[in-house]
Amino acid sequence: MSDKKQFVINFATQILFCIINLSISFFLVPHIVSSIDGSAYGFINLSNDFVNYASLITVALNSIAGRYITLAIHKKKVKEANTYYNSVIIANIIMALVITVPLLVFTMYIDKFLNIPIDIVNDVKLLFIIVFTNFILSLITSVLTVATFATNKLYLNSIASITSQVSRCIILLILYSFFKTSVWYVGFASLISTLILIIANYKFTRKLTPQLYFDYKLFDFKCIKEMLKNGIWNTVNRLSGILQNGLDLLISNVFVSSAAMGIIALPRTITSIIFSLFGSIASIFNPKIMQAYAEDDFESMKRQLDFAIKFTSIFSNICIAVFVVLGTEFYHLWVPTQDSQFLYLLSIIALLSLSIGIPLEPVYCIHTSTNKIKKPAIFGLVSSLITIIIVILGIMFTNDDKIKIILISGVSSFVSIFRLGIYIPIYTAHLLNEKSTYFYPLIGKYLFSLSLCAVVGLLIKQILPVNNFIVFFISCAVLVVINFIINFTINFNKEEKTKIMLIIKNRSLN
């Protein structure tokens with residue numbers, strides 16, 4: 001399949017995947033909140049947070065493995081690719097065995113560590129067992145995802161993900177329609193979804209990269225050591241992310257209440273889906289960027305990066321601007337028993353950093369490709385530690401639960417703005433041998449267009465007040481069209497506009 005078709009399919013499948021995830025949350029969250037309570041939904045997100053904590057010991061290897069295998073394949077070094085491939089598989093199996101015992105012990109005594117309403121303790125324990133099982137299976141088979149990345153056929157992985165998500169929807173629909181509401185259903189549905197993905201990725205590996213095969217004799221500790229040496233900074237990056245944004249639910253549960261955790265979990269569901277979608281869109285460009293680096297074509301790499309940032313920003317701006325305009329109405333209609341104004345405030349705080357960070361997602365591929373991740377990892381860790389210190393001190397000096405929740409959600413966002421808006425652009429420009437201001441014209445343009453979209457949207461809302469979901473979706477459709485025109489006009493030059501139109505028409509990508 002040609003690059004042009006691959007790009008269009010990759011993009012379309014990522015959008016469809018996001019729509020499915022949004023649909024699941026759209027119908028599932030209100031049902032759980034009304035059937036049990038807000039804190040129960042918070043434990044679903046918290047269980048996934050604990051998976052992120054556990055994955056810290058696996059990140060160093062698995063975050064960098066794809067780079068080594070992909071570069072070896074592009075350089076036609078089949079034996080080297082297989083050595084890395086098999087070394088990662090064996091190492092993951094060993095790590096899975098080591099991790100299993102402490103995860104089981106934690107789950108057995110989870111009510112000793114967390115504030116859990118007594119009537120859902122058993123449900124929460126079962127949820128965590130299933131989620132941890134899902135994590136172990138994903139860890140063991142994670143290297144299988146390299147096939148679609150190395151061959152730039154990410155659309156296949158997206159199609160498999162969509163199939164698995166549809167299956168997840170069906171399972172959730174059956175369980176929540178015919179059985180008493182329980183939080184562990186979400187974990188069970190995700191586990192089945194993961195099994196479908198594993199089967200699909202195995203088939204993709206056999207078909208797309210037949211040169212890769214399993215042979216335990218190819219395990220090489222030197223390869224593991226090499227990858228760990230470079231990947232350790234990805235662990236630091238992941239730790240920074242957890243300290244920056246991944247402890248909010250845990251801190252709110254331990255230092256405030258399970259109810260506070262439930263409040264924070266609701267807006268985080270929306271912002272997480274937004275970040276996941278546009279992170280996935282940005283990743284569509286990664287194989288081409290990495291291939292250009294492998295071929296020492298730095299001019300092509302910079303062109304790919306610039307276009308990736310602009311392309312990602314146009315869609316992230318559309319989504320964020322719509323939420324800025326209609327966020328309060330959305331929460332009022334979505335979870336009418338909750339404080340929609342307060343949920344909207346928490347969302348806006350989070351979106352402040354995402355508005356800068358999401359368009360810059362493609363730059364992290366430059367860090368990985370050039371293997372220059374040490375400095376941003378250290379900077380991220382320091383800024384995250386500052387965030388935690390400020391949050392803990394703030395909680396200690398206030399008794400108002402709402403202020404505590406704002407501190408937990410807000411401090412990380414404002415620290416992230418500093419890191420994403422200053423350090424990351426300057427450091428990446430340095431890696432590209434460009435001036436430190438290289439990215440700021442891009443950043444300025446997409447922030448200006450975002451602001452303009454929000455202002456125009458707020459004016460339009462005065463004409464079309466939202467009081468039900470039908471009007472809400474009509475308003476969204478109108479704003480999406482207007483926001484696309486604004487962003488398309490401001491962010492792209494004439495040549496890039498032509499390129500976008502050709503991509504839409506599926507005629508060219510080059």
Side-chain angles (χ1 to χ4, degrees), residues 18-45 172 176 181 183 186 248-249 252 256-277 316-352 354-355 400-406 408-410 413 450 453-483:
C18 177
I19 291 173
I20 293 173
N21 271 334
L22 276 172
S23 300
I24 292 174
S25 297
F26 182 78
F27 292 105
L28 181 63
V29 173
H31 180 76
I32 293 177
V33 170
S34 61
S35 299
I36 310 177
D37 57 37
S39 65
Y41 178 72
F43 285 107
I44 295 173
N45 285 339
L172 288 172
Y176 281 106
T181 301
V183 293
V186 178
D248 52 355
L249 297 182
S252 59
V256 190
S257 66
S258 60
M261 179 187 69
I263 292 172
I264 291 177
L266 290 172
R268 205 179 84 164
T269 296
I270 303 302
T271 54
S272 294
I273 291 175
I274 292 174
F275 182 80
S276 176
L277 167 64
S316 66
N317 278 358
I318 290 171
C319 186
I320 292 173
V322 169
F323 198 86
V324 168
V325 175
L326 299 174
T328 302
E329 289 77 9
F330 170 74
Y331 282 123
H332 177 71
L333 295 170
W334 189 44
V335 280
T337 60
Q338 304 295 309
D339 185 343
S340 58
Q341 291 286 350
F342 189 58
L343 293 176
Y344 176 72
L345 172 63
L346 297 179
S347 298
I348 293 300
I349 290 172
L351 290 176
L352 288 174
L354 292 186
S355 63
D400 189 311
D401 283 356
K402 279 196 171 183
I403 294 178
K404 290 179 181 179
I405 292 173
I406 292 173
I408 293 170
S409 300
S413 183
L450 172 61
C453 288
V455 171
V456 172
L458 289 171
L459 292 174
I460 292 175
K461 190 171 75 168
Q462 305 306 313
I463 304 172
L464 192 63
V466 176
N467 48 29
N468 58 63
F469 269 121
I470 294 177
V471 179
F472 174 80
F473 287 121
I474 292 174
S475 300
C476 285
V478 172
L479 291 178
V480 165
V481 173
I482 293 173
N483 291 351

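Only heavy atoms go into these numbers, but all of them, side chains included; no hydrogens, no water, no symmetry mates. In this chain, residues are counted from 1 in sequence order. The structure displayed is predicted, hence computed values, not measured ones.
In this structure, S355 contributes its side chain and L352 its backbone to a donor-acceptor pair below 3.5 Å. Judged by distance alone, with hydrogens and angles left aside, the side-chain atoms of Y344 form a donor-acceptor pair with the main-chain N or O of V324 at under 3.5 Å. Checking side-chain atoms of S340 against main-chain N and O of P336 turns up no donor-acceptor pair under 3.5 Å.
A distance of 5.5 Å separates CD1 in I406 from CD1 in I349, rounded to the nearest 0.5 Å. Separating the CG atom in L354 from the OG atom in S413 is a distance of 7.0 Å, to the nearest 0.5 Å. With rounding to the nearest 0.5 Å, the separation of CD1 in I408 from CD1 in I403 is 12.0 Å. Taking CD1 of I264 as the reference point, atom OG of S409 lies at 4.5 Å (rounded to 0.5 Å).
The shortest non-hydrogen separation linking L343 to P267 is CD2-CD, 3.7 Å. In plain terms, the two heavy atoms of M261 and G42 that are nearest each other are CE-C, 3.7 Å. Contact detail for L458 and V325: the closest heavy-atom pair is N-CG2, 3.8 Å.
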Scan the side chains in residues 467-477 for donor-acceptor partners under 3.5 Å anywhere in the protein, sequence neighbours excluded, and list what turns up.
from, atom 1, to, atom 2, distance (Å)
N468, OD1, I470, N, 3.0
N468, OD1, V471, N, 2.9
S475, OG, V471, O, 2.8

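Not counting sequence neighbours, the partners of A321 by the side chain to side chain contact (heavy atoms under 4.5 Å, CB included) test are L450, C453, N483. Residues passing the side-chain hydrogen bond (donor to acceptor under 3.5 Å, both in side chains) test with D339, sequence neighbours excluded: K402.
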Would you please test L266 and L346 for side-chain contact (heavy atoms from CB on, under 4.5 Å) and show each step?
CA-CA 10 Å; L266 290 172; L346 297 179; over 6 Å; no

One pair to check against side-chain contact (heavy atoms from CB on, under 4.5 Å): V186 and F43. What are the steps and the verdict?
CA-CA 11 Å; V186 178; F43 285 107; over 6 Å; no

Could you give me the CA-CA distance, side-chain angles and deciding distance for L479 and L326, then say whether side-chain contact (heavy atoms from CB on, under 4.5 Å) is met?
CA-CA 10 Å; L479 291 178; L326 299 174; 3.9 Å; yes

Might you work through the side-chain contact (heavy atoms from CB on, under 4.5 Å) test for F330 and V466, ending with a clear yes or no?
CA-CA 9 Å; F330 170 74; V466 176; over 6 Å; no

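Annotation: side chain of L249 is in contact with side chain of R268 (closest heavy-atom distance under 4.5 Å). Taking the side chain as every heavy atom from C-beta outward, I405 and F342 approach each other to under 4.5 Å.
Under the side-chain hydrogen bond (donor to acceptor under 3.5 Å, both in side chains) criterion, the residue pairs touching residues 319-332 are E329-K461, Y331-S347, with sequence neighbours excluded.
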